[in-house]
Structure formats: structure tokens, C-alpha cells
Amino acid sequence: MLRGLDTREIEQVVSQILGEGDTADGAFPESGIIEVKGDFTQDDFMLFETNGSDFKMMAVDGGSVTILDGGSFLVAGVRVGQALFDGPVCDREASGDPEMHVFDISLASLRDAYSIFYDKSVGGSPPDTPQGLEEGVGRIRTLMEWKMVERVLDNGLPSGSVLAFDGALWAGIKGIGQMLGRIVKKANEGGIILCGISKRSMLTHKGLPLIPKVQMVGDDFHEKKAWFLPLEIGSGYAEKEFGRVYVAKLHPYSNHAFRIDLALPGGADEAMGKLAALSNDPTYVGYPYPLARVHNDVAFDRSEVEEMRHLLRNRALERGMDQKKWHLTFQEFHEVLDMNR
Amino acid sequence: MTDKEAKDICLGRVTGRDVTELVFRSRKSEDIFLGEMLVGLDEDSGRRFLMRVINIQHGTEAREGGWAPRTAGAFMDGDAHDRQYTIYDEERRLYHQVVCAPLGYLDGVGAEVRFKSPKTIPAHFSKVRHANEDDYRFLKQYLGDVTVGSLRSGDRVITSVPIGIDSDYVCQHMGVFATTGMGKSNLMKRLAGSVLETGKMGLLVLDPHGEYADGGKAELKGLVHHPKAENLRVYATRDVECNASNVRISTAEITVGDMQNLWPFTEPQKEFLSAVNARRRSEWLDYLVDNDGQEMFEAFQRQFHEGTIGVVKRRAAVLDRSEFVVRDPRVSMTETVISQLHEGEVVLVDLSGASEKEELLISSVLARAVFDRNSDLFRDKAEFARIPPCVIALEEAQRVFSRAWGGIFPQIAREGRKFKTGLCAISQQPKLIDTEVISQFNTLIILGLADRLDRDRLTSSARQDISKLDYEIQTLMIGEGLVSGPNTPFALPLKVDLYEDYLAGIGNHKKKVKNVDDSFF
């Protein structure tokens with residue numbers, strides 16, 4: 001029995017899931033929540049084959065975590081990394097170590113902290129300020145990811161290589177359009193397939209999440225096949241769009257389809273074929289393994305967070321902070337409540 | 001550093017557990033085998049922790065349980081649909097978790113290296129590597145001077161580290177245990193070969209299957225093919241491919257106890273035997289054979305039933321009829337055998353032409369003769385000091401060791417140590433040997449044993465804790481074994497030399513066996 005539940009609310013939520021509710025106002029194109037129009041026919045779906053493995057793929061991703069929460073301020077960690085695969089083999093040396101930053105951020109210092117990272121990646125001052133601490137950390141992470149993508153291009157990849165990152169070719173942060181334009185230009189000039197793969201997408205169709213809907217239709221039309229569907233998203237914000245958007249299932253036996261943004265010199269067939277070539281790991285069927293690897297590389301696990309806390313606490317105590325003060329600053333009464341529930 | 005160089009140096013890193021068991025992570029591609037000897041390097045203390053692999057498990061980086069079965073399911077699905085999957089980053093995501101039994105650690109450097117029992121553990125994440133010759137150097141003092149093979153590390157044979165038994169401890173008895181076909185006979189030939197070379201003990205080999213003299217089969221070599229066969233004496237109950245003397249024992253050397261070991265006797269029958277023995281002493285057997293039942297019935301004042309006397313007499317007659325049993329004590333081989341053993345020679349008694357009862361009888365008589373003589377010599381300190389230890393090797397030992405008391409062999413097991421008389425009990429069924437007897441065997445050579453009860457019996461009796469080696473013992477291949485002795489720091493893994501290879505190594509020329517003076521008989 002769920003105490004205090006009003007079952008009418010369950011009905012309302014289910015109606016929303018079923019698409020029975022009023023969804024007209026659900027789209028916010030400026031924020032990337034875009035309603036895709038029209039229906040999908042069998043001819044819209046393109047079938048493709050894997051494209052060998054004689055190419056390089058660089059994958060870039062980032063991760064972030066709250067290390068300490070002092071209420072009015074956070075201590076956060078952000079880490080971005082890259083993984084270079086030469087065919088199916090990871091080149092550990094060329095992949096290098098991930099880049100990690102630890103910083104404190106409060107509402108008072110948010111603009112300053114954000115400005116530092118913005119300047120380092122985009123250059124200049126940011127046109128706006130994040131609305132909260134969590135958003136601030138998220139934006140910093142995104143900026144670091146873009147910076148790493150640009151650095152990869154600057155360092156050079158052979159023509160025909162794939163540069164994949166976690167996300168979309170969409171300027172979701174004010175002021176970064178110029179940087180994205182620069183990145184796309186460098187990729188095109190170098191013959192690099194620049195591609196963003198989103199694990200979650202805010203695209204909708206008739207008010208419902210687009211990707212599962214496309215996947216159902218695509219699998220009905222092309223059972224046990226790899227396919228992709230080009231989309232016309234028509235956001236109305238051309239200055240934020242930097243590539244063509246697709247939904248693709250990269251492995252015939254995968255249970256997952258992804259939004260894939262491509263900015264490329266060649267056709268989508270070649271790009272999809274190359275992504276599919278490295279999407280046959282049995283654990284991550286249908287997802288390019290290099291991205292899975294870099295995701296795991298940069299993700300923070302609990303032991304790392306504990307280690308960071310320990311390190312910070314020790315240094316603080318060494319530098320004269322009182323143990324009790326440390327405890328009072330970072331104690332979290334929810335933990336006490338939860339522990340004794 | 002290349003991957004290969006890194007592998008040569010480091011097989012993995014210690015991940016945890018305790019003083020009774022250590023676990024380290026190794027690469028999936030690393031070839032590590034059960035029983036392998038490895039070294040955990042504690043860089044803080046400089047200690048080298050010797051450890052033996054007792055189990056190898058699969059490990060994965062996946063945080064969630066059930067990853068491996070799910071992935072296997074994906075593979076199977078791929079198989080069904082002719083789709084190939086690839087595990088990327090295999091070396092990173094898949095690994096081996098190697099469980100080891102700590103053997104002890106080496107403290108100090110150079111000549112100051114000391115081996116200490118495993119009372120502490122290596123530091124977290126200590127590197128693990130293969131043990132090398134320098135690590136084994138400390139073992140020299142424990143390896144035994146009568147060699148039978150080489151140190152083994154898993155499947156690898158360390159030929160530079162010979163292993164054997166210590167002649168100083170042979171009188172504390174030893175047991176050789178193995179399932180049929182695992183190499184007992186080869187081991188015994190190899191051991192006898194070493195005795196022929198060194199003369200460090202007298203070795204009496206009682207061979208019921210005729211395997212030792214000429215090898216028993218055309219493709220096999222025997223002791224007669226040994227370059228030092230001049231130190232070999234052969235007595236045989238059949239024709240063998242060498243100059244062999246006849247097996248003869250006298251009725252006077254046979255005791256009532258010997259007879260009781262051959263057949264089950266009722267209490268009245270035992271009493272009758274005892275009465276005859278009391279009255280006729282060493283002639284008890286001749287008396288039983290030479291007199292008819294009625295005479296004996298009367299001679300013992302009708303105290304024993306005629307039927308009782310009849311059974312005992314019939315059995316006595318069986319012994320008397322044996323071609324190996326003679327009336328004249330001067331014809332017996334025992335005196336010669338004893339003096340040959342006292343010269344540090346190998347005396348092989350091939351009993352393959354005898355019945356099982358004859359074989360047991362002859363074995364008992366010879367063993368008693370050696371033991372009694374050595375006990376007598378014990379009173380003469382100078383003479384006793386002159387004789388080498390004498391070891392009696394007995395096959396199918398479970399036949400005489402099922403009880404701790406009764407018969408000459410259990411007596412030697414209890415008292416032989418003091419009188420330089422050792423036993424080498426060979427058996428494929430140690431579970432049938434009395435625990436008290438087995439506890440007297442201070443050196444155990446264990447080859448492959450399939451039966452859990454057999455292994456349990458040895459585990460409870462071994463000088464070192466071999467309980468963690470149960471799986472290794474099960475998986476031992478032919479000729480592989482473990483030696484656990486009073487002087488070994490831990491159960492030493494052994495690879496017994498193939499006797500034929502050993503002969504080839506020391507120069508394979510057949511030597512003529514010295515003739516025993518047949519005219520003596």
C-alpha cells in the first residue's frame with residue numbers, strides 16, 4: 001500500500017504516457033525539445049551493412065559528480081576522456097589519460113567559475129550564466145567535452161576516421177555556436193566523420209518520445225536488420241543545428257536505437273556502416289564500443305568519490321580546519337533519516 | 001616497457017584475502033596453472049612471498065552480477081543467427097582471479113635469506129611473478145640427497161632443482177601413494193637407481209609384480225640396466241633377465257604371527273598354534289607338518305578339538321609345500337640379504353612367481369630378519385653406527401597395515417626408527433591403512449589420487465597442511481607428485497624422472513649384476 005497516494009494521479013500520468021493528454025505546448029525548440037512532424041513510411045528507413053574495420057575511431061565523453069554538498073556550495077568533479085580505436089583494437093597510448101578537474105561552485109561564484117571554463121574552451125566571456133549549481137556543473141562538462149573534440153581535430157586524425165562523442169550537434173549552450181561551427185568545418189576539411197550519439201533524446205513525435213516510436217516502426221518494417229531514418233527536425237533555430245539528425249539501429253539484434261547527429265563529407269551509409277562495425281560487442285550490442293569504453297573511463301565510481309572526499313578532508317584538517325567544523329559543514333541529515341528509516 | 005616485458009616481470013597484482021589464502025588478479029591471456037609456484041613481491045619490506053596456485057577463477061570488470069551469463073547468452077544468440085560478436089578490450093574487461101596458498105616468505109638478501117612460515121601477508125597490490133632460481137635457492141637444504149626427480153611448478157619442470165628424500169629421515173618411514181598408472185613403479189625404480197648411485201642406505205625392494213628387475217616389459221628398463229647395477233642383488237621366484245639367486249626362507253624363520261597374517265584363525269585355532277609354538281619353538285611348523293592329527297590330539301592331552309588341529313595342520317602343510325620354504329636354516333637367503341643391505345646395496349626380491357600368500361610370508365620373514373638384526377646390533381654402538389639405514393619397500397602395503405597392531409610391519413612402523421629400519425609403504429589405497437600407522441610415515445610422496453577418501457586419509461596425516469592441495473592432487477598427471485617430509489618447509493611439488501630418461505642421462509650401459517654365490521645354497 002502506498003501511503004497518501006491519490007490514484008487519480010496515476011491515471012493522469014498514464015494518459016500522458018499513452019499520448020492522450022494535451023501535448024501541444026510540450027515542445028521548446030530553443031531548448032532542443034523538438035516535435036518531429038509527419039509519419040514514417042517503410043521507404044523512409046534505409047538499410048545498411050557494416051563497413052569493415054579498417055579505419056580509426058576516436059570517441060570522446062565526459063562525466064561529472066558531486067563530491068561534497070555544502071548546501072550553498074558544491075564541490076564537483078568533472079572528467080573528460082578519449083579512446084582511440086584502430087579497427088577493433090584500442091590504442092592506449094594515443095588515447096592518453098583523461099582530464100579531470102575538481103572545483104567548488106556556489107551561487108555567488110557560479111558566474112566566475114563558469115566564465116573560466118567558458119573562456120578556456122570557447123574563448124571570451126559567456127553571454128549568460130547557468131541557472132543553478134547542477135546546471136553549472138553540467139555546462140562545464142559539456143564545454144570540456146567540446147574542447148576535447150576540437151583538440152582531437154587539431155591534433156589530426158586520418159581522413160575517413162570517425163570522431164564520435166556523446167551528445168548532439170546542437171548548440172544547447174548560449175555562445176558556443178561559433179565553436180561548433182569551427183569544429184564541423186575542421187572535421188569536414190579533414191575528411192573526418194563527426195558524429196554525436198545520444199543515449200537520450202528530447203525529440204518527440206506527437207508528444208511522445210521519438211526514438212522508441214521510430215524503433216517500433218523500423219523493426220516492424222525491417223525485422224532483424226540494421227537501419228537508419230533521416231529526420232527533418234525543423235527546429236526553427238538553424239544557428240543551433242550543426243548536422244543532420246538520424247535515428248539508427250546499428251546492429252540487427254540490438255534492442256536499442258539512438259539519435260545520431262552527423263556532420264560529414266560523405267554519405268550517411270558510410271558513417272553508419274563504420275559505427276556499426278564497432279557496435280557488435282555482446283555487452284553493448286548496437287552501441288559503438290569506443291564510446292562505451294570512454295564512458296566507463298570517465299564515469300566516477302563510489303570509491304573514487306570517497307577517495308576525493310578523503311583527500312579533501314585530510315588537506316583541510318592539515319591546513320587547520322577543525323574536524324567538527326568539517327563534519328558540520330558537510331553533514332547531511334537525510335542520510336541519518338534514510339539510515340534509520 | 002613493452003607488454004611482453006611487463007608480463008615477464010609481473011603476472012598480476014595481489015588483491016586481497018588473508019594469511020591462509022592470497023588472491024591476485026592476472027591477465028586473461030596469462031598462462032597460469034594449478035600448482036604453479038609464484039612470488040608476491042612486497043616492495044615495502046623487500047620480502048618475497050612464495051605461494052602456490054590452488055585455484056583459478058574467471059573475473060570481469062562488470063559491476064553487476066550476471067554480466068557473464070548475459071554476455072554468453074548474446075554469443076549464443078549470435079551463434080544461432082550466424083552473427084559474430086566481438087569482445088573489445090578483452091584484456092581489460094576479462095581477467096583471471098588466481099587463488100594461492102601462501103607457502104612462506106623469504107626475508108633478507110644474498111646469503112642472509114631466511115625462509116619463514118606464512119605469518120604475514122604481502123602489501124596491497126604487490127606484484128606477482130614466476131618464481132626463479134634465486135627464489136628456489138633456499139630450498140637446497142630441504143631437497144633430499146636421494147633424488148627422484150625435479151621441482152615442479154605447475155606443469156613446468158625446474159630441472160635445476162632436483163628433489164628427493166632425505167637419507168637422514170628414511171627410518172622415519174615413508175609412504176608412496178598413487179592410483180594405478182600414476183607412476184609408482186617408475187618412482188620406485190628411480191629411487192632405487194639413486195640408492196644404487198649413492199649407497200646411502202640399504203634398500204630391500206619386495207616386488208610382487210616383477211616390474212623392477214628387467215622392467216617387466218620390453219620397452220621398459222629395469223634396475224639391472226642401471227650403470228651401477230654392481231650394487232644390485234636380485235633374488236627371484238621366476239626367470240629374470242639377469243643373474244638372480246633363488247628365493248629361499250626356512251621354516252624356522254616363519255613365526256606363528258606370519259601364519260596368522262595369511263589366514264583368519266578362530267580363537268581355538270590360535271590357542272592351538274600358541275601351544276605348539278610354546279612347546280616346539282622354532283620347530284613349530286615342522287612339528288605341525290610332520291605329525292599327524294591324532295598324535296597331536298593326544299600329545300596335547302585332548303585339549304584341542306581334532307577339527308581345530310586338522311585345519312591348522314592343513315595350512316601348515318600349504319606353507320611347507322611351497323618351493324620357497326626349506327627346512328634347512330642354512331639355505332635361507334635372509335643372512336645374505338641382511339649383510340648386503342648393511343653394505344648399502346639394493347636388494348631386489350622378485351616375488352612375481354610366488355602366490356600372494358607366499359609373497360606375504362617371504363616379505364614378513366625378510367622384514368623381521370632385518371629388523372631383528374638391527375635391533376640386536378643396537379646394543380653394539382660401534383657396529384650399529386657402521387650400518388646404513390635399511391629401508392624395506394613394500395607394495396600393496398594396505399594388506400599388512402590395515403591394523404596398527406599384529407605382524408612385523410606395524411611393529412617396524414612403530415619401532416623401526418630407533419633401529420635404523422625404515423619402511424617404504426607403497427599403496428594405491430591409503431584409506432585402507434590404519435591412521436595410526438599412516439601417522440608413522442613421516443615422508444609422504446603423493447602422486448595422483450582420484451579417491452577422495454584416500455586423499456582425506458593423507459591430508460590428516462601429512463607433516464604439512466596439504467588440505468588446500470586437494471584439487472591439485474586430483475589433477476596430477478603421471479609422474480607428478482608432492483613430497484611432504486619432516487625436513488620440507490612445505491609440500492614440495494615434484495616431477496619424477498622417467499626412469500628410462502634418467503638412465504639415458506647417466507650413461508645407459510647395462511652392467512652385469514654381481515652373482516650371488518649360488519653354491520652357498
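Here the structure is a predicted model, which means the values were calculated and not measured. The chains referred to below are lettered A, B, ... by the order of the sequence lines, with proteins before strands, and numbering in each begins at 1.
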**Prompt:** Are B/Asp107 and B/Arg114 within salt-bridge range, i.e. N to O under 4.0 Å?
**Reply:** no
**Prompt:** Contact part of B/Glu90 toward chain A, heavy-atom cut-off under 4.5 Å: side chain, backbone, both or neither?
**Reply:** neither
**Request:** Would you name the heavy atoms of A/Ile211 and A/Arg259 that are closest together and state the gap between them?
**Result:** CD1-N, 3.5 Å
**Side chains of A/Asp269 and A/Glu49 in contact at under 4.5 Å (non-hydrogen atoms)** = no
**Message:** With a 4.5 angstrom heavy-atom cut-off, is it the side chain or the backbone of A/Ala83 that approaches chain B, or both, or neither?
**Reply:** neither
**Part of A/Pro290 within contact of chain B (heavy atom distance under 4.5 Å)** = neither
**Message:** Which label fits B/His58 and B/His96: parallel for a plane angle under 30°, tilted from 30 to 60°, or perpendicular past 60°?
**Reply:** tilted
